[in-house]
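Data block below; observations after.
In the text below, chain A, chain B and the rest are named by the order of the sequence lines, each starting its count at 1.
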Amino acid sequence: MTVGFSQIGSESGWRAAETTLTKQQAEKRGIDLKFADAQQKQENQIKALRSFIAQGVDAILVAPVVATGWDEVLQEAKDANIPVVLLDRTIDAPKELYLTAVTSDLVHEGNVAGKWLVDTVAGKPCNVVELQGTTGSSPAIDRKKGFEEALAGKDNLKIVRSQTGDFTRTKGKEVMESFLKAEDGGKNICAVYAHNDDMAVGAIQAIKEAGLKPGTDILVVSIDAVPDIFQAMAAGEANATVELTPNMAGPAFDALDAFIKDGKEPPKWIQTESKLYTQADDPMKVYEEKKGLGY
Amino acid sequence: MTGTFKAYAVRLFPQVAALAIILFMVSLAFPGFFKLSFQNDRLYGSLIDILNRGAPVALLAIGMTVVIATKGIDLSVGAVMAICGAVAAASITAGHSLAFTLAVTISTGVLCGLWNGVLVAVLDIQPIIATLVLMVAGRGIAQLITEGAILTFNHPGLIFIGSGSLFGLPMPVVIWLGFGLIVALLVRRTALGMLIEAVGVNRRASRLSGVSTGVLLIAAYMLSGLCAALAGIIAAADIRGADANNAGLWLELDAILAVVVGGTSLLGGRFSIAASLLGAMIIQSINTGILLSGFPPEFNLIIKAAIIVLILVIQSPRAQSAFIWLSRARATEPTKGQEAK
Amino acid sequence: MNPRYLPLTATVAIFLIAYAVCIAQYPNMLSTRVIGNLLTDNAFLGIAAVGMTFVILSGGIDLSIGAVIAFTGVFLAVLLQSTAIHPLVAFALALIITTAFGAIMGAIIHHLEMPPFIVTLAGMFLARGMAFVLSIDSIPIKHPFYTTLKSFYYVLPGGGRLTLIGGLMLVVFLVGILIAHRTRFGADVYALGGGTATARLMGVPIGRTTILIYALSGFLAGLSGIVFSLYTSAGYSLATVGVELDAIAAVVIGGTLLTGGSGFVAGTLIGILIQGLIQTYITFDGSLSSWWTKILIGLLLFAFILLQKALILLSDRKRRHA
Amino acid sequence: MQSVSSYVLSATGIDKIFPGARALNGVDFSLARGEVHALLGENGAGKSTLIKCLTGAYRRDGGRILLDGVEVDPHNTLEAQKLGIGTVYQEVNLLANLTVAENLFLGRQPRRFGLVDARAMNKQARALLSEYDLDIDVTAELSAFSVAVQQVIAIARAVDLSGKVLILDEPTASLDTHEVAMLFRIVRRLKERGLGIIFITHFLEQVYEISDRITVLRNGQLVGTRETAALPRRELIAMMLGRELVQEVGEAKHSETKERGEARFRFRSFGRKGHIQPFDLDVASGEVVGIAGLLGSGRTETAEILFGAERADSGTAQADGRTLDLSSPRAAIREKFGFCPEDRKVDGIVGDLSVRENIVLALQARRGWARPISRSEQDRLADHYIKALDIRTSDREKPIRLLSGGNQQKAILARWLATNPEFLILDEPTRGIDVGAHAEIIRLIETLCENGMSLIVISSELEELVAYSSRVLVLRDRAHVAELTGEEVTTNAIIEAIASAHEGRPA
Ligand SMILES: Nc1ncnc2c1ncn2[C@@H]1O[C@H](COP(=O)(O)OP(=O)(O)OP(=O)(O)O)[C@@H](O)[C@H]1O
Ligand SMILES: Nc1ncnc2c1ncn2[C@@H]1O[C@H](COP(=O)(O)OP(=O)(O)OP(=O)(O)O)[C@@H](O)[C@H]1O
Ligand SMILES: [Mg+2]
Ligand SMILES: [Mg+2]
């Protein structure tokens with residue numbers, strides 16, 4: 001079986017891990033994987049899909065960079081009888097155009113993080129600063145939304161500052177530095193919520209350099225569960241992270257297998273778990289497990 | 001001596017004024033802006049943050065200034081930063097010494113510059129395209145080294161470069177100030193500055209006058225590579241890891257912007273390192289100011305665009321000549337009177 | 001042969017050779033699907049690159065086009081979502097805005113004597129920023145008119161499609177060639193590229209030409225935005241980041257000198273096709289990791305430039321000896 | 001005196017102020033129908049500035065312009081063209097990247113159905129140039145042609161554009177006698193048609209040959225306007241210089257035929273394929289060798305190969321028996337060679353740098369970057385040459401592109417003199433230089449030779465060549481075809497050598 005895989009790019013460690021795992025999974029099942037990197041551009045993804053169709057692959061995996069704009073090319077794939085599985089993000093298209101979507105629920109992730117914070121501060125007043133992902137990207141929008149939903153109605157919790165850190169460590173650190181300055185050297189901040197772990201790691205460094213203790217003076221909660229955040233948790237510098245599993249391809253291949261061999265229609269949405277990890281979950285052990293996965 | 005000082009003052013006036021105005025505006029939006037304190041053996045405050053965060057762009061701007069003075073442009077600096085950060089992280093995690101790591105990293109940057117320089121000077125490829133090659137491929141090379149992940153390290157020596165302090169200033173600040181001073185002295189105390197400007201203004205005429213145009217061009221790109229290497233080390237040391245995907249992303253545009261805000265023409269010729277460094281600080285002040293002001297991030301780009309346009313309009317030759325014209329209109333009256341006598 | 005046409009001929013030759021090499025390796029690449037895809041998938045880039053060609057021919061550069069394309073898409077999506085106006089009206093509005101935007105940049109470049117690189121860089125920030133302000137979400141466009149437009153395509157033998165937008169790109173190229181080589185405005189553009197001071201002394205209306213050039217580029221970026229919104233049926237403020245660099249690369253690979261004054265609109269089409277070919281080849285290969293993809297694209301870009309240089313040098317030498 | 005109404009163009013009280021320099025101060029100028037009006041003055045007197053003010057290329061700071069008695073105010077050259085004023089500016093101002101035909105018809109291309117009709121345009125271009133005996137490929141890019149050909153094209157364009165007034169700013173600087181004669185034929189024809197023609201030149205013979213009236217400027221001020229016939233040469237020079245000139249070039253008697261010493265520099269079958277055929281050349285120390293030939297005969301190529309600007313692919317070069325390395329300009333400069341190129345705008349000046357920097361550039365390049373010439377030494381050098389060559393500039397820090405054409409030329413010459421060369425190649429050194437400076441330069445050339453420097457001079461002015469060369473090489477079709485020595489060196493002999501060489505050529 002030949003499967004084309006259109007990946008968004010390699011903009012973060014998490015994505016690199018997803019690519020690695022997809023390749024591993026394909027190899028394990030003897031699938032010939034055609035990999036195309038779109039360098040963060042939707043037009044490149046559409047081009048890649050069209051090339052896959054022209055090439056005559058048996059199935060297509062796509063991690064869509066954005067939710068909209070897929071109808072036409074998916075229709076072409078359908079016309080050519082090539083099943084398409086979406087990875088890690090859903091899209092805004094008629095459901096019959098694709099076989100299934102293997103994703104986590106981004107809003108839910110934000111929600112889990114928010115709930116954890118609400119439970120942890122337990123009614124004490126708390127000013128939260130937020131490090132957003134890239135402005136306009138769907139994880140940034142949804143993780144913000146989910147988090148705000150969890151905080152809704154809790155008057156003790158307030159998001160006092162929110163800026164974009166572009167999902168990167170450098171920007172996460174820089175933005176956190178200015179938050180600390182702007183909020184009285186950090187004395188007004190009780191928690192930081194970062195849309196991904198990389199920004200959280202940057203923020204932790206900024207907090208330390210400002211002479212405060214991350215994890216104690218300022219709570220740190222973030223999303224993704226990449227190995228480095230577990231190191232920070234082990235050191236007591238980060239408090240919680242919500243896992244976004246990079247192994248989306250496994251369930252996708254299973255569904256494809258079943259569909260192609262037995263014609264079995266999978267459900268339209270295969271949701272992956274959004275597991276919460278805290279300092280209590282033996283972070284060093286998780287770190288060791290995750291280390292080799294290409295994060 | 002006072003003459004040269006006056007010339008400097010005149011040259012740098014627009015940049016200094018623009019910087020002062022921006023800092024003033026930021027302080028209106030954020031009152032504690034000018035507050036400085038001494039913490040952990042170093043000065044601490046928003047102003048220091050600007051100096052510190054502006055380090056990569058400032059370093060890139062040094063090399064970029066010289067490249068632009070030769071009528072070139074270097075789009076690859078961001079990618080070279082990523083490569084060098086990756087090399088540094090890979091080397092230090094492989095257990096090499098700090099000195100070795102720095103040497104290898106800086107050589108890598110210089111080598112990248114050499115590649116660009118050869119394309120431009122020997123193969124005569126247009127600079128924007130010649131450096132576009134490395135801009136595209138370079139990030140790939142960096143990712144090849146880190147395999148797409150963030151390569152973290154714990155070597156205290158390397159980390160010191162990113163977040164240590166010297167003379168009460170953060171290391172990155174010491175590095176860019178020091179390096180800027182060295183390069184500025186190098187080009188102005190020797191004939192390099194003039195020769196570079198000559199090449200930028202008229203390469204043919206310079207060659208016919210015996211200037212080694214090829215060597216100078218290559219050297220300019222090598223300097224730019226060196227600057228990118230330093231910036232790459234600082235960026236990696238700052239976050240204790242090499243982020244091949246994001247290190248230096250789009251920083252080439254900021255560096256070019258810094259040079260232009262500094263008043264060096266993109267058509268080559270006259271240049272000033274000091275002015276470019278001021279330009280870098282202006283850009284960083286805008287960035288930090290936006291962060292401190294608390295606007296929603298959707299507005300970042302618009303604010304940045306508006307301020308840049310404003311600065312450039314004030315600096316544009318037209319506005320300047322209008323200014324000169326105004327001041328002359330006032331000054332000519334007495335001259336006329338003298339002529340009449 | 002007239003030496004003026006050398007770079008163009010070299011480019012065409014390189015493209016044909018490269019295509020032949022690809023086919024030898026992957027016979028499927030000869031299919032009309034691939035050819036149709038090359039046109040359709042690169043339509044928005046091609047249209048914007050025509051504008052970029054004019055700008056570069058005049059010795060300038062326009063970094064704003066990617067952002068303008070994204071802005072146009074978001075503008076259309078927001079407009080069609082929140083009002084009941086017909087897409088054609090929305091198209092007209094978008095084109096008016098982007099053309100005016102280009103004209104204003106041209107006016108600033110001319111009247112304030114500021115370098116195009118910086119003016120259009122600020123323009124890029126501004127257009128992208130405006131798109132963010134309009135909406136940070138990606139907004140689908142579900143108007144039936146869009147469906148109608150998308151249903152216009154011609155099925156080539158072998159399953160490939162010649163779509164409306166692919167055809168539109170070809171038309172834009174034809175018109176662009178006509179404007180560049182058969183109008184006084186076109187000659188003025190080349191004149192500007194030859195040297196502003198000289199052109200001024202020769203009586204070329206510098207101001208008007210500069211403004212028109214950037215207005216044209218803005219117009220075509222707007223048109224490209226419309227095409228892109230048709231292509232994706234959506235508007236998204238983060239779309240088409242860095243497209244300006246792709247367009248510049250296409251123009252230069254097509255044999256136009258970045259210093260201005262020399263080159264061909266037709267060459268840009270080949271430049272676009274060469275880039276499309278590289279991408280298609282990499283996808284067909286399908287074994288490259290993300291990083292090797294980047295490295296290979298860079299190397300192939302380099303190889304094309306080098307090949308072009310070599311071909312020109314070679315025939316130049318032959319001419320001298322003849 | 002002519003009545004006011006017969007003036008096609010009259011300007012009164014023209015002022016132009018540049019930062020740091022008053023280029024024109026209340027200049028009056030009037031041009032009658034059907035007259036050729038010579039505009040004369042030293043380098044930097046303000047001639048080019050005056051015409052640029054008239055054509056709107058510069059905004060004037062004061063004064064009025066009347067065209068046919070009506071006040072006009074052209075804001076740019078396009079408007080001036082529309083008013084019927086055609087101009088050839090001092091530096092060839094055509095676009096190297098356009099074809100000849102496009103250059104000729106830029107902005108007024110013939111059109112069919114709204115589109116440019118390239119075929120008609122090329123046909124018209126060929127017809128236009130045939131009037132100038134120029135049979136070239138009008139679809140080729142302008143850059144394929146020599147400066148002289150470009151000059152003719154520029155003239156053809158301006159003539160074609162001028163309905164009322166034709167302005168020629170040093171159009172003959174790079175033309176040889178044949179082309180000049182042709183130009184004058186055309187000028188006379190236009191004159192008969194009633195055009196007013198402004199003619200700027202530094203060749204006084206040409207002034208007397210063609211002009212009806214003369215206006216002299218000095219330091220941006222009007223000295224006076226006279227009828228040519230009533231103005232003796234000596235008086236004219238006095239008007240221009242503000243003093244008497246001791247000795248004028250051309251009248252200068254060939255100094256006692258120089259002893260031809262031992263050849264110091266020897267070139268043997270030196271040449272480059274496609275550029276110039278291999279030639280032999282011997283130059284003694286203190287000798288001036290002139291090179292003559294028609295346009296495109298390969299004079300510039302000879303110079304470029306001698307200097308390593310184009311690398312020779314055959315032959316050897318020796319000095320005092322030692323083999324010279326002439327592989328690049330840099331190498332040549334190390335061998336104490338110098339080369340003052342013909343196209344000063346492209347190959348000579350470094351426009352944005354100051355006069356001082358332009359003068360020290362070659363010397364600094366030879367010393368290397370690590371051994372900077374101290375600022376005081378630079379100032380001294382610059383001041384010395386500004387004085388010695390009488391370079392008119394308000395200030396040694398002025399960017400050289402703001403200097404008048406002739407003064408730029410002098411600064412480039414100074415650049416080479418500052419390097420103290422032993423072998424100096426001058427390609428059209430006196431192009432665009434005024435009478436006073438001309439005499440200075442010739443005198444300078446003679447002093448240089450007395451001090452033992454070897455000189456190669458390329459010039460289209462045969463009198464000048466005769467005046468100081470002890471030997472003249474004649475070129476044709478990129479090959480050295482004749483060599484005249486000692487008593488043979490006369491204007492007539494050179495013309496004959498060129499002509500006879502040409503007789504052998506199939507038409
Ligand atoms: N743009 C400018 N800015 C400042 N000074 C200028 C500018 N253009 C010309 N000048 C000065 O004005 C004076 C007159 O120059 P102009 O070119 O008119 O001389 P000219 O009579 O044409 O001389 P030449 O015979 O050498 O061509 C010169 O001193 C020159 O340096
Ligand atoms: N009348 C002409 N017709 C066509 N081509 C010409 C003509 N004159 C010159 N050229 C071309 O111009 C190019 C440059 O000539 P070049 O300037 O080297 O000659 P030259 O002998 O130095 O003449 P000069 O110095 O008087 O301009 C040559 O390639 C020559 O073929
Ligand atoms: Mg002049
Ligand atoms: Mg010549």
Discussion item. Strictly below 4.0 Å, N to O, side chains only: are Asp117(D) and Lys123(D) in salt-bridge contact?
Written reply: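 Salt bridge absent between Asp117(D) and Lys123(D).
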Worksheet item: chain C: which of Arg111(D), Glu102(D), Gln81(D) shares the most heavy-atom pairs with it under 4.5 Å?
Response: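 Of the candidates given, the most pairs with chain C belong to Arg111(D).
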Practice prompt. Quick one: which of Asn103(D), Thr55(D), Leu106(D) has the most heavy-atom pairs under 4.5 Å with chain C, could you say?
Written response: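 Max contact count across the listed options: Leu106(D).
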Quiz question: by atom type and distance under 3.5 Å, do the side chains of [X] and [Y] form a donor-acceptor pair?
{"X": "Gln277(D)", "Y": "Arg478(D)", "value": "no"}
{"X": "Asp62(C)", "Y": "Ser217(C)", "value": "yes"}
{"X": "Glu342(D)", "Y": "Thr300(D)", "value": "yes"}

Practice prompt. Please test Phe101(C) against Tyr214(C) for ring pair (Phe, Tyr, Trp, His ring centres under 6.0 Å), starting from the C-alpha separation and ending with a verdict.
Written response: CA-CA 9 Å; Phe101(C) 183 73; Tyr214(C) 287 90; over 10 Å; no
Worksheet item: What part of Gln109(D) lies closer than 4.5 angstrom to a heavy atom of chain C: side chain, backbone, both or neither?
Response: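 Both backbone and side chain of Gln109(D) come within 4.5 Å of chain C.
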Item to complete: Look at Val204(C), Ile179(C), Asp188(C), Leu201(C) and state which one has the largest set of heavy-atom pairs under 4.5 Å with chain D.
Response: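 Among the listed options, the one with the most contacts to chain D is Leu201(C).
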Discussion item. Let's test your reading of the structure: which of Gly186(C), Ala191(C), Gly195(C), Ser262(C) forms the most heavy-atom pairs below 4.5 Å with chain D?
Written reply: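 Greatest number of close heavy-atom pairs with chain D: Ala191(C).
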